[in-house]
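Everything below concerns the one structure shown next.
Hydrogens, waters and symmetry mates are skipped; everything else that's a heavy atom, side chains included, is used. Order of the sequence lines sets the chain letters (A, B, ...), proteins ahead of strands, with each chain counted from 1.
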There are 2 protein chains.
Amino acid sequence: MLDFDLSQFLPYQLAVLSERVSKDFATLYRERFGISRAEWRVLAHLSQADSVSVRDIHVQVELDKSKISRAASRLEAAGYITKKLNESDRRLISLALTEKGTALMEEMTPLAREYEARVLSRLGDDAAAFLAAVQKLSQDRSVV
Amino acid sequence: MLDFDLSQFLPYQLAVLSERVSKDFATLYRERFGISRAEWRVLAHLSQADSVSVRDIHVQVELDKSKISRAASRLEAAGYITKKLNESDRRLISLALTEKGTALMEEMTPLAREYEARVLSRLGDDAAAFLAAVQKLSQDRSVV
DNA sequence: TTGACATCGTTGCAATTGCAACGATAGGGT
DNA sequence: ACCCTATCGTTGCAATTGCAACGATGTCAA
């Protein structure tokens, strides 16, 4: 037997935990709104800014740009977002929420908050340290 | 604009961070050993116990059992593991590392440690709290 | 014992994915 | 103005994936 404790191995723990959380949360909005995981990510990003390009999302999230492009197309077809050319740089497209999309996010946001609160409450006093650590790592692209 | 800060949203942060770490680490062993992410997970589990079933891995990791089954088949074909029937319950199979598989893990384990150390060092004093929180959540299936 | 039901690992198949390549556009440097 | 190179979003395509269904095996109560 090797001297290696998987249950203590950070990348493993992180992957399992994250997948569990994402899958669980995804079930929520898939069942209620028919939104996929990639679509949720795109919507969430759009709710943060007026106008966002595929590239903006791509560099911030670990999602292939084709995945984002396809999610955006589905969202556009469903009437949740609009795609238009960015006139100052015509290689870019501007994604933006429609009214319908905004309304959707207004429905989904409370679910997100509620879900997050449920997870955080389990951490009790450690919650703050945990969030701080996650953000510390997330913002430091040089490490991971 | 909605009152929702994605950059503070735990499931999102977790997913991005975890994907980044996994992808980065996966590049290491894929390039050097031609091992996929699922295969690494299976190998890592086998290095923890003498004999493990597909189900054992399935319940512990968020991996579809078909994915595990296929990874196991590839690993068997490559000579890293063996599959045999569990005689006490013939529905189960016993996966186990071969000598070649053990040797592989002996090569990969230091890489894993090294990688983990690099990530943890960025956390400094928060490392312990972070690990504790991750494990707290991981072990509590009722929350997530 | 038998029969109804649960669990295990595998597989077929459709859907999703990642990757590379593409056309269109932009930004220098000369 | 003209290359040369870089970047953007999309798409074709092969590979991977998730899901459901399956055969085989096990369990347990009638």
*C:dA20 P sits how many Å from A:K67 NZ, rounded?*
17 Å
*Picking from D:dT10, C:dG18, D:dC19, which would you name as closest to the side chain of B:D64?*
D:dC19
*A:G79 to A:K100 - nearest heavy-atom pair and separation*: O-CB, 3.6 Å
*asked:* Among residues at least two apart in sequence or on other chains, which ones pass ring pair (Phe, Tyr, Trp, His ring centres under 6.0 Å) with A:F33?
replied: none
_More than 12 heavy atoms from other groups under 6.0 Å of CD on B:E114_ = no
Protein N or O to nucleotides 22-26 of chain C N or O, pairs below 3.5 Å:
{"from": "C:dA26", "atom 1": "OP1", "to": "A:R90", "atom 2": "N", "distance (Å)": "2.8"}
{"from": "C:dA26", "atom 1": "O4'", "to": "A:R91", "atom 2": "NE", "distance (Å)": "3.4"}

*Looking at DNA chain C, which of residues 72-82 of chain B put a heavy atom within less than 4.0 Å of it?*
none
*What integer distance in Å separates B:L63:CG from C:dG9:C1'?*
15 Å
*For B:A127, enumerate each residue passing the side chain to side chain contact (heavy atoms under 4.5 Å, CB included) test, keeping only those at least two apart in sequence or located in another chain.*
B:L120, B:L123
*Mind checking A:K23 for me? I need base, sugar-phosphate or nothing, with any heavy atom below 4.0 Å counting as a touch.*
nothing
*asked:* My understanding is that only residues two or more places apart in sequence, or in another chain, count here; which of them pass ring pair (Phe, Tyr, Trp, His ring centres under 6.0 Å) with A:Y80?
replied: none
*Provide, to the nearest angstrom, the distance between the CD1 atom belonging to B:I68 and the C1' atom belonging to D:dT17.*
13 Å
_Phosphate OP1/OP2 of C:dT17 contacted by A:S66 side-chain N/O (<4.0 Å)_ = no
_Among residues 28-37 of chain B, which ones have heavy-atom contacts with DNA chain D below 4.0 Å?_
none
_Expressed as a whole number of angstroms, how long is the span from A:H58:NE2 to D:dT10:P?_
13 Å
_Counting only side-chain nitrogens and oxygens, does B:K83 get under 4.0 Å of the OP1 or OP2 atom of C:dG9?_
no
*When you match B:D56 and B:R70 each to their closest nucleotide on DNA chain C, which lands nearer the 5' end?*
B:D56
_Minimum side-chain heavy-atom gap B:E62-A:S18 below 4.5 Å_ = no
